[in-house]
Structure formats: C-alpha cells, structure tokens
Enquirer: 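Provided herewith is a single structure, encoded as structure tokens, for subsequent inquiry.
Letters A, B, ... are given to chains in the order of the sequence lines, protein chains preceding strands, and every chain is numbered from 1.
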Amino acid sequence: MLQVQLPDGSVKEYPDNYTAIDVAKTIGERLANATLAAEVNGNVVDAMRPLEQVSNLPAGTPIPLKLITNKDPRALGVMRHSAAHIMARAVMRLYPGVGLAFGPTTGHGFYYDFDLDTKISEDDFPRIEEEMKKIIVDAEPFERIQSTRDEAIKLCGDLNQKLKVEHIQTGLADHSSLSFYRQGNFLDLCRGPHVPDAGRVTAIKLISIAGSYWKGDANNKQLQRLYGTAWFSQKDLDEYIQQVDEAKKRDHRVLGKQLGLFTISQEVGPGLVLWLPKGATIRATLEEFIKKELLKLGYTPVYSPHIGRVEMYETSGHFPYYRDAQFSPIFGHDAGALVDFWIRKLREHKEGTAVFSLDDENKLLESAKVMGAALTEYPKTGSVDAKIETLRVWEKNQERYLLKPMNCPHHVQMYASQQRSYRDLPVKLAEFGTVYRHEKTGELNGLLRVRGLTQDDAHMFCTPDQVEEEFKATLNLVKFVLGSVGLDDYRVQLSLRDSKNKSKYVGTDENWDKAEATLRKVLTEMGWAFTTMEGEAAFYGPKTDFMVRDCIGREWQLGTVQLDFNLPERFKLEYIGADNKPHRPVMIHRAPFGSMERFTGVLIEHFAGAFPLWLAPEQVRVLPISEKAYDYAASVERRFREAGFRVTTDFTSNRVNAKVRDAQLALIPYMLVVGEKEAAADTVTVRDRLEADKQLNLSVAEAIAKLQEEAAARRVRQVAKSNFRSFDSAGEEENEY
RNA sequence: GCUGCUGUAGCUCAGUGGUAGAGCGCGUCCUUGGUAAGGACGAGGUCCUGGGUUCAAAUCCCAGCAGCAGCUCCA
C-alpha cells in the first residue's frame, strides 16, 4: 500500500500504483477532471504517473501530495508546455521533414523552434491552429517514457531528429537517463511535466513567427521559432490579447509621436534621436535635477570632445573590443582607411583566417601611392610582422580619430593631467557625455536602443580603501534617482565575468576576483535583493545593473555602477599615498539614468505619457471661456510664466468643452479655466487632470503657490500601472531539454 | 547582422493591374460658448527608392532603404 499525505495533514492509504488523478477520483470526479498536475514533495510532476515513481522518497514514507488544478498558476505553465508539444505535432503533420529543436514555455505562452526548409508565414497560422484543435479534440493522453542515453540517441536517430541527438550528446552529456513524452504518434525528448491529455489544453492562439538560432548562437543554423499562447478559457485568452493591445498604446514611440516629444528621421540617420522641444524639456529637467544631486555629493562637472585619437581607445581596449559596433574611424590621410584595412588583412593572413595574396599586396601599394602615401619603407620581402609594423608606424604618424564610444578614456586623461595626492581622492568627474555606437540595424528601437546617446556619466577615482563606501553611496544615488520618478519595479543585477570564456575581458584573474568579491560584499551588506548573471560584465570590470521592463515586458538596462581595476592599470594612473609612494587608484564608472535616451523612453512608458507636474513639458494650460476673457487669460499666463511654469493659453475658437478635451488628451497636469467671473475676481478655476471633479476656485497667487509646492516636491501622483507588466519570467523554463 | 512582416495625406489606416480614399489634424469663415468633440467650406499625396514584367504598375516580380517582432549583440 501507498501512504499519501494530503495538504490537510491527513495520511491515507492507496493501492501501490495509484496516481494523483486516481487519488483525486477518490475525492470526486470533478476534481479529477480539473487536476492537471501534482505537487509531490514540493516538485511539480505529472498527475498521470504513479505517485511512487514521481516521489523520490524512501519506500514507506508518506508522500506529500497537492493536486494542481487550473486554479493554480503553475498549471498554466504545465499546460503551455503541453500546448507547445501539440503545436509541434500539428506542424509535423502539415510539413514534411520538420526538425525539432527546443519548445519551452515563456512568461506569456510558449514557443517551439523548428528546423524546416519551408517558410512558415502568418498566413499559415489558421491551418496550424486548426490542426492543433483537432489534436485537442482527440484528447490523446501524454505518456512519459524513461530511457537510457543510448536508447534515447537511437530513438531520436530513428525519428531523424538530428538536433535532439546532438543535444543529448553535448548539452545533456551528464544525464544518464532521459525522458520522452508520447502523445499519440508524436514523441519528443522532454523532461515534462505535462497535463494528462491534449484535451486539457483549452484556449490557444499562435502569436508570431520569427527566426532564432540553434542553441542561441548566431554562428549556428537559423531556425524558425513559432510563438503561441494558451489559457484555460477563451475569456482569459481574449483578456490577454486585449492587454497586449493596451500595452502597445503606451509604447514610447507611439506616445513620442503623439505628444511631440522626439522624432527619428531617415534623413539624419537611423538611431539618431531628434529631441523635439517637449521631449527636450523633459530631458533638460531631468538633467538639472541630477546635476544638483551630484554637486551635493562632491562631483565636479567636466566637458570633453566628441572624438578622440584611436590610439587612446586602443589603450583603453574599447577600439579592439568593440570595433564592429563603432562608426568607422576618421582618417586624416586619404590612405588611412586603406592602410587600416591592409593591417587587418595581414593580421587575418597571419592567423590563417583569410588569404592575402602578393597580388593584393601590390594593388594596395599602388593604390596607397596614388593616394599620396609612398610607403617606401614597406618590406615587400619581409615578414608579416615587419610589414604590419611598418604600416603601424605610418599609421601612428597620421591623425586617426574615433567618434567616442565611451567617455572613460577622456576622463582618465583629465585625472592624469595633474599629479594626485591621496588627499585629493576620490576625484569625481561628471559629464553628460554623448557617445556614438554603430548598433546593428536589427537592434535599434526607438529611444531604447540608439546610435547616438548621452550618458549621465561620471568616473570616480578612489583609493582602494574608499571603494566600498563610494560604491554604496552610488548605489543609493541610483535608487534615489529612480525613486524620484516613482520607478520601483526594477531588478538589481550583479553582472559578472563569464568564468568559462575569459578571453572577452582584460586584466588579471586577481583583479577580477577582487572586484567581483567587493561588489558581492557591498550588495549583501546593503541587504538588497539581487540576481547574479555570469557573462554580463563589462570587458574591464563587473557591474551592478538596474534592469527595468518596457511596455511589452522586454528588459532593459538603465542605471549601472561598475568597478574597474583595469583601466587605471592600462593607463598607468597614479596617486601619491601617505607613504609618499605612487599607488594605483581604482575607478568606479557610474550612470544612474544610464542614457538620457533610454531613460526618457522608459519614463514615457512608465507614465504612459502623463508626466508628473515637475517633468511635464506643458505644465499648465489656460482655457479662456470666450473672447471676452482673452486679455485676462493672457495676464494669467504671463503671471504663471513669471512664476517659473511652462504654460500656454488655448486661444482657439473652440468651445470650452473642446478645449478641456484637448488639454485632457494632451495629458496636461493642470487646466486653468478663466471666464468673466474669474476675471472680475482675479481668480482661476483649477481643473486637475487627475481629479477633474474636484475643481478649486483660487486666486492667481494661491494657484501659483499650490502648483509650485507640488513641483518643488517632485510629487509623483500617478504611475500608469500596466496589467501586462505584472507578467514576469517566473513561468519561463530553461532550455534544458 | 539573421528570419519574417510592413511602407498610401501631418497622424491612424482603408483600397484596386486602368485618372487616389476615410477619420482625425490643419487653414478660412460663421459661432463667443462654463468643464471630454458647435457648424460650413477648403487645402493637402513623388502611394519609401531604383529596376523589371505589362498597352498600362501605387497595386505583380527583383534589389535597396527604413520601420516592426523575434534571434544574436550591447563598453
């Protein structure tokens, strides 16, 4: 007999081969029908497998069991995973030769990656959905099959599933036993769990098709990823679709256009933001705000140019590490680009990654001559190294500039411009530094991913003793800055080096270990919740990143605080210590907003365009009732402007109803309605955008005082909550198998 | 960069192998009104760019550019 402990604590006995469903049946048929999975000893498992098998407890121990019905959010994940199998089965029925890759669930649904020559398009969705519905109607059970590695490889090989075979041999190399799930004649390598049968999957919809790479590596084969979503009822599904539509309305690109905040012109170039007056006002207000905070914290403002010599970025490492993502260097000599290309070819030739023939070499020599670079020293018969060296010498005598991709090297030069004593440290150099990066076309996204961006950047040069304290103070600054705009749904991430691929980073293991340990210590001491991500560090050091989500749930990095032992080393920075000897400072790179572009973009979505009074580009609009009140309206506008407000007056010939509507839709925090009554008493009727029914008749002076108080306090009275945003990645599965 | 989709008026979008459409916005006039749209008239378009097919292309095909979604990347 089997002993089972139910959630109420009671222990009951059942026959040995009983499943969770069987147990449910003893309680009631309806419960059994609603049971989709089971929680056994804390793990979510199949409800249709014998409890003995799914519990890893010693025989004779009572098995703790909780039935998971469709009321339990975890059931949604299990069901979506089953839906992914059903979709894969449907696709295999419709298309011959489908290779299966991964098919996990996501926070909003599921996807499956297919290796398939025929291109699936959205027009095919109805067919696939039809096929899925047939499978659901047939309601065949999901059945788990356990196998050894060798059996699994043979089974996948027999099914001609090459990717699965490869995955078992590589990614699952340490699994001695593997599980499959069979659903009718469809068999897939899968760790489960699944719902008892296909009929339990109720409301499904295919969402989109897109490319993906096998195992997430762009060098690998490109697959077709089919996204879908599944819910327990058509009503839930409809609600979800509606939420997505709602969420899209607050997209910063949509609102940015609607509210006239910014524009991106093809003529100027993709990813290059044109801040229109209203957007620029928001940005300027944010900049002013943080400038004041920085002064309080002992930062000093600096300015640096938009370009710098390539050699400097070679020293820092930015140029070699990110060349692909940078705008091409600016060469002072016509032959500069040619010699640059030449050196790269020679290097590739040396590494054996490209062929560089004698003929090519002669052509380049000729071309260089035509361009005015004689290169008489070029050792045509010399070694590759000698050739590279000769070209490098020539290159270094020319001017080569880089559009700056980062501010750090400039600030480093400022630090190095004078001798520093330990008494001077920390030195905190702050600048709204505009940098340029040639992001790949597919990555650009409104204000969130651009090619020209302004960081609210600063670099702190500390003694090793100061690092922890300064790091903590900076983290608190970021928290304060985010809090002042009501942003509280962010995630703190400790971004570490990829321990398996250290070639992506500069510096010694010792420095890295020290830096990573410091960050971990600081975060732990502060008592903040944080997640750790390997491989997310900057090439020069680990960092603490503040991650937020956009209107459709994508995560973006905003603020960042980074610890760096390496650039001071590479630039040989020093300060004179109390021992009268030179020491190496430590750098902290930090940007609380991250970039003004991305921060503003996130902020637009955060407020759904309805900015609090202190940030609103148009804070107040005066609405004269009729022409008779025009003169008075003008005087009210003038007095508000003189009091420091961004104010306009609606002099259109519309009726006041229309003026109110326009102002309301323009998301202006306060309207001041003025007519003959107000003019006679020198008052205004204040209409609050958020509380239109609570209107106040105040004297102009009172109204100014009231609004000044609200703006000065930087009060955030409303943050546009999004249902959609509450979805998180908690329901997502790893691509384990 | 890769895969797929999209590109028509200032905006949102309909549309057809045969002379270009709506709503909103904009302009003018009438209306001078008390809290989410007063009325009339009017202007406005290289239908993304370049090729091709065709008697005829904004429509079909190809290439490019740009945007969107996903992947990859992100100092």
Enquirer: Is the phosphate of B:U3 approached by A:Lys221 (side-chain N or O, under 4.0 Å from OP1 or OP2)?
Expert: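 Indeed not, no polar side-chain atom of A:Lys221 lies that close.
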
Enquirer: Taking the side chain of A:Lys440 as its heavy atoms from C-beta onward, which of B:U72, B:A75, B:G4 lies nearest to it?
Expert: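 That would be B:U72.
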
Enquirer: Taking OP1 and OP2 of B:C74, is either one under 4.0 Å from a side-chain nitrogen or oxygen of A:Arg598?
Expert: no

Enquirer: So, does A:Lys543 get its side chain near the phosphate of B:A75, meaning an N or O under 4.0 Å from OP1 or OP2?
Expert: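 Indeed, a polar side-chain atom of A:Lys543 lies that close.
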
Enquirer: Please give the distance between the C1' atoms of B:C74 and B:U16 as a whole number of Å.
Expert: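 That atom pair is separated by 45 Å.
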
Enquirer: Does OP1 or OP2 of B:U72 have a side-chain N or O of A:Tyr213 closer than 4.0 Å?
Expert: no

Enquirer: Under 4.0 Å between a side-chain N/O of A:Arg437 and OP1 or OP2 of B:C74, yes or no?
Expert: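 Negative; the distance criterion is not met.
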
Enquirer: Going by atom types alone, do A:His318 and A:Ser316 pair a side-chain donor with an acceptor below 3.5 Å?
Expert: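 The criterion, which ignores hydrogens and geometry beyond distance, is satisfied for A:Ser316 and A:His318.
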
Enquirer: In whole angstrom, give me the gap between the P atoms of B:U35 and B:G44.
Expert: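 Result for the P pair: 38 Å, nearest Å.
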
Enquirer: If you measure from the C1' atom in B:U59 to the same atom in B:U19, how many Å do you get, rounded?
Expert: 15 Å

Enquirer: Under 5.5 Å centre to centre and under 30° between planes: does that hold for A:Tyr540 and the six-membered base ring of B:A75?
Expert: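 It does not: the ring fails the test against the base of B:A75.
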
Enquirer: Please report the distance separating the C1' of B:C65 from the corresponding atom of B:C48, rounded so that it comes out in whole Å.
Expert: 8 Å

Enquirer: Examine the base of B:G34 for any acceptor or donor lying under 3.5 Å from a partner atom in the side chain of A:Glu678, and report the outcome as yes or no.
Expert: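 Per atom types, the contact qualifies.
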
Enquirer: Would you say A:Asn445 places a side-chain N or O within less than 4.0 Å of OP1 or OP2 belonging to B:A69?
Expert: yes

